[in-house]
Protein chains: 2
Amino acid sequence: MGAQPLWREIAEDLQQQIERGEWRPGALLPPEVELRARYNASRNTVRDALKWLSTRGLVQSRAGRGTFVAETVDPFVVTMTATGPGGGETDPYLEDSRLQGRDSTLTTPRVEIQKADADVAAGLRIGEGELVVLRHQQRMVDGRPCSLHTTFYPHRLVEEGAERLRVADPIREGVSRYLDETLDLRETGFRDRLIARPPNKIESMFFRIPDDGSISMIGVTRVGFDQHGRPLRLIVTVYAADRNHLVYDIGQVPPAT
Amino acid sequence: MGAQPLWREIAEDLQQQIERGEWRPGALLPPEVELRARYNASRNTVRDALKWLSTRGLVQSRAGRGTFVAETVDPFVVTMTATGPGGGETDPYLEDSRLQGRDSTLTTPRVEIQKADADVAAGLRIGEGELVVLRHQQRMVDGRPCSLHTTFYPHRLVEEGAERLRVADPIREGVSRYLDETLDLRETGFRDRLIARPPNKIESMFFRIPDDGSISMIGVTRVGFDQHGRPLRLIVTVYAADRNHLVYDIGQVPPAT
DNA sequence: CCGTATTTGTTCGTATGTATT
DNA sequence: CAATACATACGAACAAATACG
């Protein structure tokens with residue numbers, strides 16, 4: 001076997017001990033000097049091992065305190081195909097959170113008007129540089145930041161009468177209903193495109209996760225289409241992968257147990 | 001300003017240069033000794049910077065060769081809601097690959113019979129330890145390993161007549177059609193549950209990605225239900241996040257441009 | 001095929017800084 | 001203030017992989 005570097009041996013030994021539950025999540029690992037003695041390696045080699053565990057999300061080190069076994073978060077299950085009355089800003093995940101006994105809150109939207117960049121323009125099928133209304137929101141579950149939402153509406157919707165879109169007040173009855181009542185536009189379908197990638201600096205700060213890429217982001221780009229097959233809005237959502245599971249129910253699906 | 005470690009300064013400087021395109025993807029970065037001179041830092045500090053870039057997937061180092069700017073892979077777009085004739089092993093993504101001008105192949109299934117562990121039993125709503133038929137398959141796109149599939153069928157389906165499930169031959173007409181014709185069971189809905197996580201050792205080897213967690217896996221657990229609302233099969237798929245985008249079309253969605 | 005130069009990988013040592021208790 | 005523990009940064013030596021003549 002062997003031929004494996006010492007730091008890797010140490011890392012995998014520690015990994016097995018963690019996975020066997022010899023240390024509970026949140027427990028303090030022995031300090032580096034003690035591991036150095038235990039494995040008969042230099043402190044740098046022990047640190048290489050701990051770093052590897054850290055980038056895989058198994059441990060977390062804090063200066064002056066020690067190295068801890070990572071806490072396992074009970075993931076929040078987000079039903080992406082929820083058909084609530086709103087589907088908008090009155091919290092489409094309220095049902096999810098109620099079922100899971102969680103406390104989910106959406107912040108009041110922060111609203112901007114910008115020119116569409118290439119990606120937004122392509123999604124909404126408008127010209128690059130045309131105006132769009134952005135509505136930013138943040139979701140907290142049990143006090144923990146869980147996801148970041150940005151919805152882009154073509155500014156033409158405002159011009160045609162949906163004035164409240166550019167006001168930084170929650171549209172309590174749901175944006176879908178508001179657009180239906182105001183402009184007779186209904187979101188009759190949507191296309192979600194999912195990717196996973198490392199967090200950027202802003203996301204690391206918002207989600208309070210280490211910026212070593214140990215926890216990745218799930219990015220969902222949703223284009224909603226109206227009854228005429230025209231893009232109605234573009235929702236860009238970023239989920240922290242350690243605390244969210246995404247669920248799609250397609251066709252006839254019995255309720256979850 | 002400062003208050004930022006030297007290795008991080010170096011890393012972000014290199015990151016900006018990469019993102020500004022001063023090195024093309026695949027290009028060779030200057031060797032560590034040269035960066036050491038350029039930034040007036042020790043080789044270990046330069047290596048810390050390169051390691052940070054590496055775990056974020058921006059560069060890749062190879063012993064004896066050098067450090068390269070990561071190649072950007074043109075992602076394969078997988079339509080998760082495809083309603084092909086098979087929906088099974090005749091390649092549900094054939095349409096996707098044809099549209100994208102890609103060459104997609106599925107390996108011949110490797111078949112096993114096992115006892116259901118807790119997760120599989122819960123998904124299929126059978127007792128833990130009951131027999132299940134596993135069918136493993138691998139997907140390659142343009143010669144690159146793209147996803148790993150394992151489908152679990154309750155062994156009762158075999159006992160009731162679907163004998164071909166336990167034979168390691170592709171079911172060319174599609175498992176869905178086979179089960180319909182044999183047992184009058186149709187998959188009328190499914191529930192997908194998505195997570196993102198670091199690769200394990202096996203996945204690192206199969207997908208040929210570094211095992212530092214720089215590229216994460218997207219795991220999809222699909223439970224398919226028959227017309228009676230009973231779980232028909234459990235499909236566990238692992239996608240390498242750097243080369244796959246997942247798409248869900250819900251409701252009325254115009255064709256992609 | 002062999003030997004050499006180049007480049008990254010591993011491992012050690014040491015010193016000092018910073019955060020926490 | 002002192003003790004503890006991790007973070008940063010330097011230097012050095014050798015191993016392993018690769019490329020090239």
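These figures come from a predicted structure and were not determined experimentally. Sequence lines set the chain letters: A, B, ... in the order given, protein chains first and strands last, and positions in each chain run from 1.
- Using a 4.0 Å cut-off between a side-chain N of Lys or Arg and a carboxylate O of Asp or Glu, A/R38 and A/E32 do not qualify as a salt bridge.
- Within residues 47-55 of chain A, the residues having any heavy atom under 4.0 Å from DNA chain D are, by residue number, A/R47.
- Residue B/T45 has a polar side-chain atom (N or O) positioned under 4.0 Å from OP1 or OP2 of D/dC10.
- Judged by the 6.0 Å and 45° rule, A/R62 forms a cation-pi pair with A/F68.
- Here C/dT10 presents its P atom at 18 Å from OH of A/Y39, a figure rounded to the nearest Å.
- The distance from atom CZ of A/F68 to atom P of C/dT20 is 11 Å, rounded to the nearest whole Å.
- A/E203 has no carboxylate O lying under 4.0 Å from a charged side-chain N of A/K201, or vice versa, which leaves the two without a salt bridge.
- Map A/T67 and A/N44 each onto its nearest nucleotide of DNA chain D; the residue landing nearer the 5' end is A/T67.
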* For B/L194 and B/L246, run side-chain contact (heavy atoms from CB on, under 4.5 Å): C-alpha distance rounded to whole Å, both residues' side-chain angles, the deciding distance at 0.1 Å, then the answer. => CA-CA 10 Å; B/L194 291 93; B/L246 310 187; 3.8 Å; yes

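- For A/R8 and C/dT11, the CZ to P distance is 12 Å, given to the nearest whole Å.
- One interatomic measurement links the two molecules: CG of A/D212 to P of D/dC6, which rounds to 16 Å at whole-angstrom precision.
- The stretch residues 22-32 of chain B comes close to DNA chain C through B/P31, B/E32, each having a heavy atom under 4.0 Å from the strand.
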* **Test log, rule side chain to side chain donor-acceptor pair (under 3.5 Å), inputs A/R36 and A/S42** => CA-CA 6 Å; A/R36 173 192 181 317; A/S42 80; over 6 Å; no

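- When all heavy atoms are compared, the tightest approach of A/N244 to A/C146 is ND2-O, 3.0 Å.
- Aromatic ring pairs are classed by plane angle as parallel below 30°, tilted from 30° to 60° and perpendicular above 60°; the pair A/Y239 and A/H149 is perpendicular.
- Between the P atom of C/dG9 and the CD atom of B/Q60 lies a distance of 10 Å, rounded to the nearest Å.
- When the shell of 6.0 Å around CE of B/M205 is examined, it contains 12 or fewer heavy atoms from other residues, nucleotides or ligands.
- Taking 4.5 Å as the limit, some side-chain heavy atom of B/D212 sits within range of a side-chain heavy atom of B/S54.
- Within the 4.0 angstrom heavy-atom criterion, only backbone atoms of the sugar-phosphate kind lie near A/R36; the bases stay farther away.
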* Which letter, B, S or -, goes with each nucleotide of nucleotides 13-21 of chain D from 5' to 3', with contact meaning a protein heavy atom under 4.0 Å? -> B---BSS--

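- Using a 4.5 Å cut-off on side-chain heavy atoms (C-beta onward), B/D192 and B/Y248 make contact.
- A cation-pi arrangement, defined by a distance under 6.0 Å to the six-membered ring centre and an angle within 45 degrees of its axis, is present between A/K51 and B/W7.
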